[in-house]
Asks: 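Below you will find the structure I want to go over with you.
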Amino acid sequence: MLKKISSFFTSKYILILVVLLCSALIVASFFTDKLVAPVRNIVSTLVMPIQDGMNYIGLWVSDGYEKIQEATKILEENQSLKSKVDELTEENNKLKQDTYELNRLRELYKLDESYANYAKVGARIIGTSSDNWYSTFTINKGSDDGIAVNMNVIADGGLVGIVTSVGKNYATVKSIIEDGSFVSGQLIDTGDKCTVQGNIDLMDSGMIRIQHFKHSVTVRNGDKIVTSNISDRYLPGILIGYTKDVSLDSNNLTQSGYLIPAVDFGHLQEVLVITQLKEVGE
Amino acid sequence: MKRKILELIIIILFYCLSVTLGRVIELGGIKPNMLIVLPILFGYLNGSNEGMFVGFFSGLIYDIFISTIVGFSPLVFSILGYISGLFFQKYEKSEIIIPLIIVAFGDIIYEFLSYIGNFLLHNRLNVLYFVKRFMIPEMIYTVLFFVLLFKPIVLINPLLSGKKKRRVSYFDERDN
């Protein structure tokens, strides 16, 4: 009997079964997330601690390696830096005056305050997507820590991305530089709206696309772009980045250009998740 | 059974390696595709069934955590495992060229299919850029990774199923 069953399960039949099963899964995943979610939670309780530990070891090793490499460089640099200190002290005094001015302006915008008022949770990045198409990463806090889908993620005072899926002890964050990510933004001073779009073609230059400015708006290089108040997922007033080379499109109606993100995506290690969701009136 | 569990552990280990170590060893934003190597190796060393088993689960763990469409990677990985299983016992186990060719072509095909799904259907038609910037470098890096991995896995492979059953399973695993 057993022999008969096993003779039926030759690899050809198994292959057909696997192909059918996978096709069914693909079709199902277009419609619902329910099939996968329980499996995901079970596996994640097993995998995430390992991943957390390995990530720590990996960072420790690469840090150590970089330290050795840079030790010689640092000695040389030390000499030239000493001479620079005097120069910078003078500049610092000047900048301090600027800071007072900046603080005054910030109060004017009330922007800093609205940032600080959001409740935030710190999280460490424990994994990045293992293929080269996505800029998605995994953080070590999940629904147990109050994280939910569509929460905004920031770091270094700038927007990093948005939570797209949540497990018990981990969450997946889609960054704004990922291809196919759209963020509604606005100029910080005039409030003119635009769209910030991740683009994989620009990956090497570290920039992303910015488009849909009205043709009448003047945009200079280095203008600050923040998340707009009309976005339905992003909280208003979070810094996204700085504009570059915005010019009129061939249709003469809109302007587009590039945006340099405020966040250094190459060296992200810790992020802050804002646990407040944008409230959208239905 | 013991063998299957050990293989699952290896898959989980490789998944963790690829998402954590990937950041450290990436060159120019390109990481090797560590998971595609497993089904091809195990298929080549132990036959199609084993290749499909490893392919299905390594694809599954990849998809449920990273991709939104679950089922695509298991599909491609299991087919690759099956194909490389066709060469099972036709060559010496230490013959690296056959699985290496399958890895190279398999990775390119897998990447190209994901390019079609993720980008071409979204009207991103500059195929050459994607091939030059992402697919070819990743293929080369994956092949390099495979070459480094080949010998250790060949050595570990007989240990997975315990020594006693080795000779018997030699016949059982031949499936056609």
Side-chain angles (χ1 to χ4, degrees), chain A residues 6 9-12 14-15 17-19 21-30 33 35-37 39-40 43-44 46-48 50-59 61-62 65 125-134 136-138 164-165 167 170 172 179-180 199-201 203-204 266, chain B residues 12-13 15-26 28-31 33-35 47-49 51-53 55-56 59-76 78-79 82 85-86 111 114-115 118-119 122 124 126 129-130 133-135 137-138 172 175-176:
Chain A
S6 66
F9 275 109
T10 56
S11 41
K12 249 179 231 163
I14 297 177
L15 180 70
L17 275 178
V18 168
V19 168
L21 180 64
C22 288
S23 318
L25 276 174
I26 292 174
V27 174
S29 67
F30 277 113
D33 198 28
L35 276 176
V36 188
V39 184
R40 198 180 276 170
V43 182
S44 76
L46 181 68
V47 171
M48 286 304 150
I50 307 175
Q51 205 171 311
D52 212 350
M54 278 169 100
N55 185 55
Y56 185 75
I57 295 169
L59 286 179
V61 169
S62 73
Y65 177 68
I125 296 177
I126 54 169
T128 49
S129 63
S130 67
D131 69 0
N132 302 313
W133 304 124
Y134 298 109
T136 308
F137 52 85
T138 317
T164 50
S165 71
Y170 79 101
T172 314
D179 204 278
N199 195 320
I200 201 166
D201 300 3
M203 197 182 77
D204 292 330
Chain B
I12 289 174
L13 204 71
Y15 167 76
C16 290
L17 268 181
S18 73
V19 293
T20 55
L21 192 71
R23 276 208 279 177
V24 182
I25 62 170
E26 70 172 16
I30 299 294
K31 305 164 197 153
N33 192 338
M34 298 190 189
L35 285 172
S48 288
N49 288 355
M52 281 188 288
F53 174 80
F56 184 78
L60 195 68
I61 191 173
Y62 176 79
D63 269 5
I64 60 176
F65 280 118
I66 288 161
S67 156
T68 46
I69 294 172
V70 178
F72 167 67
S73 301
L75 183 67
V76 178
S78 342
I79 291 173
Y82 177 79
L86 297 178
E111 287 300 307
S114 28
Y115 159 69
N118 287 323
F119 296 98
H122 296 163
R124 307 292 289 279
N126 45 351
Y129 170 78
F130 284 93
R133 180 66 183 80
F134 293 101
M135 294 176 203
E138 185 187 314
D172 280 354
D175 30 57
N176 38 27

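Proteins get letters first, then strands, A, B, ... in listed order; numbering begins at 1 in each. Hydrogens, waters and symmetry mates play no part in the numbers below; they use all other heavy atoms, side chains included. Note that the structure is a prediction, hence the values are computed from the model and not measured.
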Asks: What part of A:Ile126 gets closer than 4.5 Å to chain B, counting heavy atoms only: side chain, backbone, both or neither?
Replies: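 The backbone, not the side chain.
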Asks: For the residue pair B:Phe134 and B:Tyr129, categorise the inter-ring angle as parallel (less than 30°), tilted (30 to 60°) or perpendicular (more than 60°).
Replies: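 Answer is perpendicular, since the angle exceeds 60°.
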Asks: Applying the side chain to side chain contact (heavy atoms under 4.5 Å, CB included) test to B:Pro74, which of B:Ile64, B:Ile79, B:Leu60 qualifies?
Replies: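 Answer to the side chain to side chain contact (heavy atoms under 4.5 Å, CB included) test with B:Pro74 among B:Ile64, B:Ile79, B:Leu60: B:Leu60.
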Asks: Under 4.5 Å heavy-atom distance to chain A, tell me which part of B:Asn118 shows up: side chain, backbone, both or neither.
Replies: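 When you check distances to chain A, only side chain atoms of B:Asn118 fall under 4.5 Å.
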Asks: Is B:Asp63 in contact with chain A via its backbone, its side chain, both, or neither, using a 4.5 Å heavy-atom distance?
Replies: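 The answer is neither part of B:Asp63.
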Asks: Quick one: SG on A:Cys22 to CG on A:Leu17, what's the gap to the nearest 0.5 Å?
Replies: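 Those atoms lie 10.5 Å apart.
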Asks: Name the region of A:Ser165, side chain, backbone, both or neither, that has any atom closer than 4.5 Å to a heavy atom of chain B.
Replies: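 Neither part.
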Asks: Do B:Arg124 and A:Asn199 have side-chain N/O donor and acceptor atoms under 3.5 Å apart?
Replies: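 A donor-acceptor contact under 3.5 Å links the two side chains.
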Asks: Would you say the side-chain atoms of B:Lys31 pair up with the backbone N or O of A:Ser129, donor to acceptor, closer than 3.5 Å?
Replies: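 Present.
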Asks: Can you tell which part of A:Ile57 gets under 4.5 Å to a heavy atom of chain B, answering side chain, backbone, both or neither?
Replies: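 Neither the backbone nor the side chain of A:Ile57 comes within 4.5 Å of chain B.
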Asks: Could you tell me whether the side chain of B:Met34 reaches within less than 4.5 Å of the side chain of B:Tyr15, counting heavy atoms only?
Replies: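 Sidechains of B:Met34 and B:Tyr15: no contact.
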Asks: Could you look at A:Thr172 and say if it's the side chain, the backbone, both or neither that has a heavy atom under 4.5 Å from chain B?
Replies: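 Only the side chain of A:Thr172 comes within 4.5 Å of chain B.
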Asks: Side chain, backbone, both or neither: which part of B:Glu26 has a non-hydrogen atom closer than 4.5 Å to chain A?
Replies: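 No part of B:Glu26 comes within 4.5 Å of chain A.
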Asks: Heavy-atom pairs under 4.5 Å with chain A - which of B:Phe65, B:Phe56, B:Tyr115, B:Phe72 has more of them than the others?
Replies: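 Most pairs with chain A among the choices: B:Phe65.
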Asks: In Å, rounded to the nearest 0.5 Å, how long is the span from OG1 of B:Thr20 to CG of A:Asp52?
Replies: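 Between B:Thr20 OG1 and A:Asp52 CG, I get 10.0 Å after rounding to 0.5 Å.
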Asks: Kindly assign one of parallel, tilted or perpendicular to the pair B:Phe119 and B:Phe130, based on the angle between their ring planes and the thresholds 30° and 60°.
Replies: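 Correct class here is tilted.
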Asks: What distance do B:Leu17 atom CG and A:Met54 atom CE have between them, rounded to the nearest 0.5 Å?
Replies: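 Answer for the CG-CE pair, B:Leu17 versus A:Met54, is 3.5 Å.
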Asks: I'd like to know which of A:Thr138, A:Val18, A:Val27, A:Val19 tops the heavy-atom pair count under 4.5 Å against chain B.
Replies: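 Among the listed options, the one with the most contacts to chain B is A:Val19.
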Asks: Please classify the contact of A:Asp201 with chain B as side chain, backbone, both or neither, using a heavy-atom distance under 4.5 Å.
Replies: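 Answer is both: backbone and side chain atoms of A:Asp201 are under 4.5 Å from chain B.
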Asks: Would you mind checking which part of B:Phe53 comes under 4.5 Å of any heavy atom in chain A, side chain (CB onward), backbone (N, CA, C, O), both or neither?
Replies: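 For B:Phe53, there is no contact with chain A at all, as no heavy atom is under 4.5 Å.
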Asks: Could you tell me which portion of A:Leu46 (side chain, backbone, both or neither) has an atom closer than 4.5 angstrom to a non-hydrogen atom of chain B?
Replies: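 The answer is the side chain of A:Leu46.
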Asks: Side chain, backbone, both or neither: which part of B:Ile12 has a non-hydrogen atom closer than 4.5 Å to chain A?
Replies: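 The side chain, not the backbone.
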Asks: Against chain B, label A:Tyr65 side chain, backbone, both or neither, depending on which of its atoms sit under 4.5 Å from a heavy atom there.
Replies: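 Neither part.
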Asks: Measuring heavy-atom distances to chain B, does A:Phe137 have an atom under 4.5 Å in its side chain, in its backbone, in both, or in neither?
Replies: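 Neither part.
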Asks: Report the distance from atom CG of A:Leu15 to atom CE of B:Met52, rounding to the nearest 0.5 Å.
Replies: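 Answer rounded to 0.5 Å: 5.5 Å.
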